[in-house]
Protein chains: 2
Amino acid sequence: MTHTKKKQPVAPRANLTMADLAELAGVSKITVSRALSESPLVNAETRERVQALARKHGYKLNVSARNLRLRRSHTVAVIVEMKPSSGRTMWDPYPLSLLGGISQELTSAGYSVLLTTRQGATDAPVQAADGIILLGQGAHQDAVRFYDRLGMPMVVWGAAEQGGDNHIVVGSDNRQGGISAAERFVSIGRRHPVFIGNPDHPEMAQRLFGFVDELANHGIKPLLLRRAEFTLESGIEAVRSLSDRKVRFDAIFACSDLLAMGAIRALVELGQSVPNDVSVIGYDDTPLGASFLPPLSTVRQNWQEGGVLLARKVLAQIHGQTVQSQMMATTLVVRAT
Amino acid sequence: MTHTKKKQPVAPRANLTMADLAELAGVSKITVSRALSESPLVNAETRERVQALARKHGYKLNVSARNLRLRRSHTVAVIVEMKPSSGRTMWDPYPLSLLGGISQELTSAGYSVLLTTRQGATDAPVQAADGIILLGQGAHQDAVRFYDRLGMPMVVWGAAEQGGDNHIVVGSDNRQGGISAAERFVSIGRRHPVFIGNPDHPEMAQRLFGFVDELANHGIKPLLLRRAEFTLESGIEAVRSLSDRKVRFDAIFACSDLLAMGAIRALVELGQSVPNDVSVIGYDDTPLGASFLPPLSTVRQNWQEGGVLLARKVLAQIHGQTVQSQMMATTLVVRAT
DNA sequence: CGATATCAAGATATCGATATCATTGATGCA
DNA sequence: TGCATCAATGATATCGATATCTTGATATCG
């Protein structure tokens with residue numbers, strides 16, 4: 001006595017193949033393939049018949065087989081690489097906002113998004129992709145180099161660094177953001193501005209440079225206040241430390257909206273008026289900042305658009321075109337602070 | 001004169017195969033395959049030699065070929081399906097928080113995450129996966145049915161509905177969340193509570209039911225205030241409408257922290273004291289609520305853990321085990337409101 | 001009418017890996 | 001010595017799709 005049919009532990013659904021379909025339709029595999037891919041090489045009547053059969057039996061294309069034959073996977077790996085120092089959850093909302101645009105653009109181009117963090121032991125999944133989008137939060141040059149040597153099309157989000165052999169960089173124009181903030185402060189007559197942020201982070205460093213340079217044009221030298229965290233608490237604490245040190249200041253440029261809101265809260269506690277005594281500009285234009293009281297002035301980055309741009313650039317690279325790094329404009333949104 | 005080598009537009013890197021490696025090592029393909037997969041069937045010395053060669057030449061496994069042969073992709077499709085009504089960006093942070101746990105768990109199990117929205121014309125990419133995780137925001141029963149008939153292992157995030165043939169449901173215990181809020185209000189002597197949220201959304205409906213039922217045990221009937229949006233503005237507006245209608249109330253259970261914060265802001269504007277006149281409980285325990293003034297009481301859902309659970313359940317299904325739907329406990333976090 | 005396009009479909013090879021069965025030489029044991 | 005056992009490796013078939021080259025039938029043209 002023999003087992004005629006083994007128990008199938010994994011996927012009991014018996015998928016039928018093109019060969020099966022071919023037999024059912026009384027044609028060859030290749031004709032089925034052509035019919036399903038709308039090739040003009042098959043008779044219209046045949047095509048209809050095959051397609052109807054495929055629908056009827058719930059035929060599913062075996063993507064692996066097709067990928068193998070075509071030598072491409074129609075997949076782009078999106079690697080979310082955060083600064084390894086912060087052992088916290090890898091999922092600050094920031095890089096995720098880009099994901100919207102990325103996913104939208106890739107999907108509509110017929111590509112899939114393979115989401116990865118670096119922690120994965122193997123790079124096998126990444127190598128299966130046709131290209132790479134690397135999202136990181138500063139200080140990840142080692143990651144860039146690591147993936148760069150895979151020799152795959154790659155686009156990195158961030159501050160414009162050199163841009164290696166295979167990869168290019170897309171990011172928002174942080175320097176311009178810093179300049180805008182400086183211009184605003186100058187135009188409303190502030191003379192003692194403070195910068196709150198973390199210059200070790202390349203993107204923030206750009207903001208700082210823009211800020212400092214523009215202010216220098218007007219003979220102003222801002223105070224740099226380092227903060228590693230971009231939370232509300234960190235902002236509160238930052239302003240308190242300024243107050244403790246009896247520092248005189250009349251403007252704050254913070255590297256995130258949360259930081260800015262924290263700062264404002266601390267200022268109010270200290271009896272300072274915003275924006276009369278101290279003017280505050282945040283960064284990111286989060287929805288929260290807009291409905292904060294008072295509504296927060298901020299530098300806007302368009303994440304959605306950034307994601308779309310990232311996607312377009314990888315796709316272009318995959319299609320063999322030469323593409324260039326690009327910085328996206330930032331906008332100063334002046335509200336009440 | 002003939003072209004001996006065509007220009008390769010896409011990927012100029014000539015990947016070498018196991019066959020190449022075999023030739024280099026003077027063994028057969030199979031031996032290479034075995035050596036690279038640490039099979040005990042090859043001599044240790046041979047294994048080392050092959051592996052060294054692979055490293056030296058930067059050999060990359062062709063994942064498509066392996067997937068084809070092994071008839072599995074080691075990939076789980078994560079489908080982010082939002083309520084189609086809201087034409088807004090599909091990327092509220094909510095489902096994305098789950099992504100952290102999902103990605104972490106799947107990656108460490110050697111699986112990849114294929115990220116998708118439904119908008120993609122084809123389901124081909126999804127069908128290439130070994131399983132599906134469906135993240136949605138209420139009112140997506142049609143989506144569930146759609147993917148259910150693919151006959152693949154599937155886990156859905158949300159309120160426990162029937163749970164179809166192939167899929168099970170994981171979510172947080174919204175009903176319990178509602179009960180906790182009710183208990184709290186009762187225990188501090190509130191008699192006129194209001195519920196703000198959207199009962200069309202299954203998860204919110206559960207919260208409402210729990211809330212209503214528990215209050216009923218104490219002879220209290222809450223007021224239901226429908227709000228479709230979960231923003232700060234919506235919360236503000238909700239309280240104003242209550243005030244306009246001269247409704248008497250002493251407690252608010254809001255379906256999101258933002259809603260709650262908006263409500264508090266409106267209450268303060270109206271000269272009401274929180275929590276003396278009106279007690280407020282939010283939902284989600286966002287970091288923002290914790291640092292709000294006054295710090296917000298809220299019902300906490302553990303997203304990270306939810307993601308992990310989702311991932312574990314699909315994997316179990318993929319491995320042929322029978323798994324069951326599960327609701328995760330919620331915690332009432334009592335702060336100042 | 002014969003030669004040549006044109007159209008529809010099929011035969012075969014191939015993508016790169018792994019499962020299965022077969023082979024080889026060395027060793028153990030009676 | 002003879003035969004079973006075992007360790008290491010190889011030959012071959014196979015996963016399911018598509019590219020390339022053919023084939024056969026029909027249409028077109030000078």
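Every chain is numbered from 1, with letters handed out A, B, ... down the list of sequences.
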Pairing residues for B:Asn302 by the side-chain hydrogen bond (donor to acceptor under 3.5 Å, both in side chains) criterion, not counting sequence neighbours
B:Glu305

Respond yes when some side-chain nitrogen or oxygen of B:Ser33 is under 4.0 Å from OP1 or OP2 of C:dA17, and no when none is.
no

Please report, rounded to the nearest Å, how far the C1' atom of D:dC15 is from the CG atom of A:Asp20.
13 Å

When the side chains of residues 19-34 of chain B are checked against the rest of the protein, which donor-acceptor pairs come out under 3.5 Å, sequence neighbours left out?
unit_1, atom_1, unit_2, atom_2, d
B:Asp20, OD2, B:Thr17, N, 2.8
B:Ser28, OG, B:Thr31, OG1, 3.2

With a cut-off of less than 4.0 Å, is there a side-chain N or O of B:Tyr59 near OP1 or OP2 of C:dA17?
yes

Of all residues at least two apart in sequence or in a different chain, which pass the side-chain contact (heavy atoms from CB on, under 4.5 Å) check with B:Ala109?
B:Tyr111, B:Leu315

Interatomic distance where CG belongs to B:Asn67 and P belongs to C:dC15 [whole Å]
18 Å

Tell me, please, which residues at least two apart from B:Glu38 pass side-chain hydrogen bond (donor to acceptor under 3.5 Å, both in side chains).
B:Gln51

Who passes side-chain contact (heavy atoms from CB on, under 4.5 Å) against B:Ser64, sequence neighbours left out?
A:Asn67, A:Leu68, B:Asn62

Rounded distance (Å) that lies between atom P of C:dG16 and atom CG of B:Leu61:
12 Å

Sequence neighbours excluded, which residues qualify as side-chain contact (heavy atoms from CB on, under 4.5 Å) partners of B:Arg71?
none

Below 4.0 Å: OP1/OP2 of C:dT18 and any side-chain N or O of B:Arg71
no

Name all residues meeting the side-chain contact (heavy atoms from CB on, under 4.5 Å) criterion together with B:Ala128; count only those two or more places apart in sequence or in a different chain, and write none if there are none.
A:Val63

Let's test your reading of the pairing rules: Watson-Crick or G-U wobble, both distances under 3.5 Å, then write DNA chain D as a dot-bracket string with ( ), [ ], | and dots.
||||||||||||||||||||||||||||||

Nearest whole Å is fine: how far is C:dC15 C1' from B:Met18 CE?
14 Å

Separation of atom CG in B:Leu68 from atom P in D:dT18, rounded to whole Å
12 Å

Can you tell me the distance, in whole Å, between the CZ atom of A:Arg69 and the P atom of C:dA17?
15 Å

With sugar-phosphate taken as primed atoms, P, OP1 and OP2 and all else as base, the protein-contact string of nucleotides 6-11 of chain C at under 4.0 Å (heavy atoms; B, S, -) is --SBBB

Round to the nearest Å and state the distance from B:Lys60 atom NZ to C:dC15 atom P.
19 Å

Check whether the side chains of B:Lys313 and B:Gln326 place a donor and an acceptor atom closer than 3.5 Å, and report yes or no.
yes

Donor-acceptor pair (no angle test) under 3.5 Å: B:Arg66 side chain, C:dT18 base:
no

Kindly indicate whether a cation-pi arrangement holds for B:Arg149 with B:Phe146, taking the cut-offs as under 6.0 Å to the six-membered ring centre and within 45° of the axis.
yes

In whole angstrom, what separates B:Glu23's CD from D:dG10's P?
13 Å

